[in-house]
Visitor: 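Questions regarding the structure given below will be posed in turn.
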2 protein chains.
Amino acid sequence: MHSNVKQNVVPLITPGLKVACSQCNLRELCLPFGLSESDMIRLDCLIGGGRKLKRGQHLYRAGDPFESIFAVKTGFFKTDVLTEDGRDQVTGFQMAGEILGMDGISTEVHACNAVALEDSEVCLIPFTELEALSSEIPTLQHHLHKVMSREIVRDHGVMMLLGTMRAEERLAAFLLNLSQRFTARGYSPAEFHLRMTREEIGSYLGLKLETVSRAFSRFQDEGLISVQQKHIRILDIARLKALLAPPDGRIS
Amino acid sequence: MHSNVKQNVVPLITPGLKVACSQCNLRELCLPFGLSESDMIRLDCLIGGGRKLKRGQHLYRAGDPFESIFAVKTGFFKTDVLTEDGRDQVTGFQMAGEILGMDGISTEVHACNAVALEDSEVCLIPFTELEALSSEIPTLQHHLHKVMSREIVRDHGVMMLLGTMRAEERLAAFLLNLSQRFTARGYSPAEFHLRMTREEIGSYLGLKLETVSRAFSRFQDEGLISVQQKHIRILDIARLKALLAPPDGRIS
DNA sequence: GTACCCCTTTGATCTGTGTCAATGCAACTT
DNA sequence: AAGTTGCATTGACACAGATCAAAGGGGTAC
């Protein structure tokens, strides 16, 4: 009855898919950043091949034993936490060049779920081997620490968003963040396709899907963006930014 | 006019204050966890002495160059982020054995402020040296990664709290979290002193101080806790926990 | 010891977002 | 091509928490 898009079959590692970091056009965004050619080749050697996922498939689930972190090669992911009592919180959306799975290091078990929001491809980076290599390559070690620290800082930004912003401010911040990340990857800053549903956006932003939808509509009415389902075009990025810094200051 | 408690004078490093990790009764909670005696002594050697802070003093400020991380030896801290437009979000409260400052690794500059909420003492851990040592001691390296990962997981928990919980649930979660952390340090799980103001609790929990105060009062009326200013006594921990897992499930 | 100031509590009202409900739209299946 | 299904939009209403305001209490500094 279900299409294979939703089956969540555990995907096999596809060894033929291996593409060396040194050849990868994401290397300036990803883990190998800053490495010399020769060090990059050493990193190539430990990366355990790629893995392809269909839309809807889990890369890992909360409770899975932690063995690797993952670098997104193509596609789009979400991570979410869910508690016994049924709460569900999207903790992030990840795109090409971003690292997934660091939540698992602390307990040796993944703390959240990672799901592909479109057909995607990741590199598998066995963590024990990565630690071993990074103790030999200071640049790699330091960059790994930077990546983890960046995740912490990003999370603090989300806490700020959830703790202090109103619905429209949250959505504006979300759109601007996506725009900026797409830009860094060479895509249009103004026009993109949302891979996630209104409900997933809402979960990430601490809002209900209806509120997200209404905020989109209001932005459109005011000429800030144009929305057609999942297709977004930012029409007035300056006014969108201005939403985040209210003129009256709101200084406590 | 101001008392010296509020002056935020940059405190000097106090070399005489140095206490070795190997002698520290927090070593099982802190960075040296799991190290052999000899490795712990090597860690001792790089720890750059202690630093004492009066209540209200900053350990570091957003924008300060990043050089060290810090381990809380005694006392209590808060970290907060503030943006140009005047938003202010408390991102965490740290107590003995917890590590501060990892936000600075990614950009070489601290991303938030750390303030002592009572007279406190920290160990200074120069980060470059820590990286160097950790590449020689795999256990130390791995534990550092665990500490950073734990921070990421903790942040996800706060995002869950901010994104999905109602005021009383947030406060219950907050109290239970404090209780659990005090317990881990050998203090009473049921009775403790809040070091932060209602406003700081509110900022952390994404609530206004009046809402925090009202929630405290309601908890007291219902016999869950007793509140006397900053002195808290948990009277019915089971019912407090039950607040977090509503009987109807609330499963979406 | 005393005075001041900040923190906290509590009340009254307002408002943004959640909730409930119905309709619309688009893509995918058959 | 029609039917099914999931996602998005929109409206009406309710309510949790914010805001505004005032009074009380405790700790801290002198």
Side-chain angles (χ1 to χ4, degrees), chain A residues 1-7 54-56 78 87-88 117-119 161-172 193-203 205-221 225-232 243 246 248 250-252, chain B residues 1-7 54-56 78 87-88 117-119 161-172 193-203 205-221 225-232 243 246 248 250-252:
Chain A
M1 207 59 184
H2 289 80
S3 75
N4 59 7
V5 163
K6 291 269 172 169
Q7 275 179 4
K54 288 273 175 202
R55 178 156 69 95
K78 72 165 179 183
R87 291 179 212 280
D88 184 4
L117 295 181
E118 62 182 21
D119 294 1
L161 179 146
L162 291 170
T164 75
M165 293 188 185
R166 322 213 279 93
E168 294 193 358
E169 295 168 342
R170 295 184 197 193
L171 191 64
H193 192 82
L194 298 174
R195 273 73 172 182
M196 68 297 281
T197 66
R198 300 289 189 264
E199 185 166 19
E200 286 162 338
I201 297 172
S203 172
L205 299 178
L207 302 169
K208 291 295 160 184
L209 69 94
E210 294 94 328
T211 305
V212 173
S213 180
R214 277 185 249 270
F216 271 130
S217 300
R218 221 166 311 138
F219 284 176
Q220 179 158 247
D221 293 348
I225 63 175
S226 99
V227 189
Q228 229 154 358
Q229 298 292 125
K230 291 188 161 148
H231 185 85
I232 301 287
L243 277 183
D248 64 317
R250 194 173 302 152
I251 293 166
S252 63
Chain B
M1 206 61 182
H2 289 81
S3 72
N4 61 7
V5 163
K6 291 270 173 167
Q7 275 180 3
K54 289 272 174 202
R55 180 157 68 94
K78 72 165 177 182
R87 290 178 211 282
D88 183 3
L117 295 181
E118 62 182 21
D119 294 0
L161 179 146
L162 292 169
T164 75
M165 291 187 186
R166 323 216 274 88
E168 295 194 359
E169 295 168 342
R170 295 183 198 193
L171 192 64
H193 192 82
L194 297 174
R195 274 73 170 181
M196 68 296 284
T197 66
R198 301 289 188 264
E199 185 167 19
E200 287 163 336
I201 297 173
S203 172
L205 299 179
L207 302 169
K208 292 293 160 187
L209 68 95
E210 294 94 330
T211 305
V212 173
S213 178
R214 277 185 246 270
F216 270 131
S217 300
R218 221 165 311 136
F219 283 176
Q220 180 159 247
D221 293 347
I225 64 176
S226 98
V227 189
Q228 229 153 356
Q229 298 292 124
K230 291 188 161 147
H231 185 85
I232 301 287
L243 277 183
D248 63 320
R250 194 174 301 151
I251 293 167
S252 62

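Everything numeric here is computed off the predicted structure, so don't read it as measured data. Every heavy atom of this structure was used, including side-chain atoms; hydrogens, water molecules and symmetry mates were not. Every chain is numbered from 1, with letters handed out A, B, ... down the list of sequences.
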Visitor: Within the 4.0 Å limit for protein heavy atoms, which parts of nucleotides 8-18 of chain D are touched? Write it as a string from 5' to 3', B for base, S for sugar-phosphate only, - for none.
Guide: SBBBB----SS
Visitor: Starting at CG of Leu171(B) and ending at P of dT9(C), how long is that distance when rounded to a whole Å?
Guide: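 These atoms are roughly 11 Å apart.
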Visitor: What is the distance, to the nearest angstrom, from the NZ atom on Lys54(B) to the P atom on dT28(D)?
Guide: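 In whole Å, dT28(D) P and Lys54(B) NZ are 12 Å from each other.
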Visitor: Could you state the interatomic distance from CG (Leu205(B)) to CG (Leu161(B)), rounded to the nearest 0.5 Å?
Guide: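 Spacing of CG (Leu205(B)) from CG (Leu161(B)) equals 6.0 Å.
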Visitor: Between Lys78(B) and Met196(B), does a side chain to side chain contact (heavy atoms under 4.5 Å, CB included) hold up when you go through it step by step?
Guide: CA-CA 8 Å; Lys78(B) 72 165 177 182; Met196(B) 68 296 284; over 6 Å; no
Visitor: Nearest 0.5 angstrom please: Met165(B) CE to Leu243(B) CG, how far?
Guide: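 It comes to 10.5 Å.
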Visitor: Using whole Å, what does the distance between atom P of nucleotide dA27(C) and atom NE2 of His231(A) come to?
Guide: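 Value for this atom pair: 13 Å.
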Visitor: Run the side chain to side chain contact (heavy atoms under 4.5 Å, CB included) check on Leu171(B) and Ile201(B) step by step: do they pass?
Guide: CA-CA 9 Å; Leu171(B) 192 64; Ile201(B) 297 173; 4.1 Å; yes
Visitor: Calculate the interatomic distance between Leu162(A) atom CG and dT17(C) atom P; express it in whole Å.
Guide: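 Leu162(A) atom CG is separated from dT17(C) atom P by 13 Å.
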Visitor: Salt-bridge test for Asp119(B) and Lys54(B): reply yes if a basic N is under 4.0 Å from a carboxylate O, no otherwise.
Guide: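 A salt bridge links Asp119(B) with Lys54(B).
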Visitor: Taking all non-hydrogen atoms of both residues into account, name the closest pair between Leu162(B) and Gly206(B) and its distance.
Guide: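 In this case the closest contact between Leu162(B) and Gly206(B) is CD2-N, 3.7 Å.
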Visitor: Which whole-number value in Å describes the distance from Gln220(B) CD to dT8(C) C1'?
Guide: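 Between C1' of dT8(C) and CD of Gln220(B): 13 Å.
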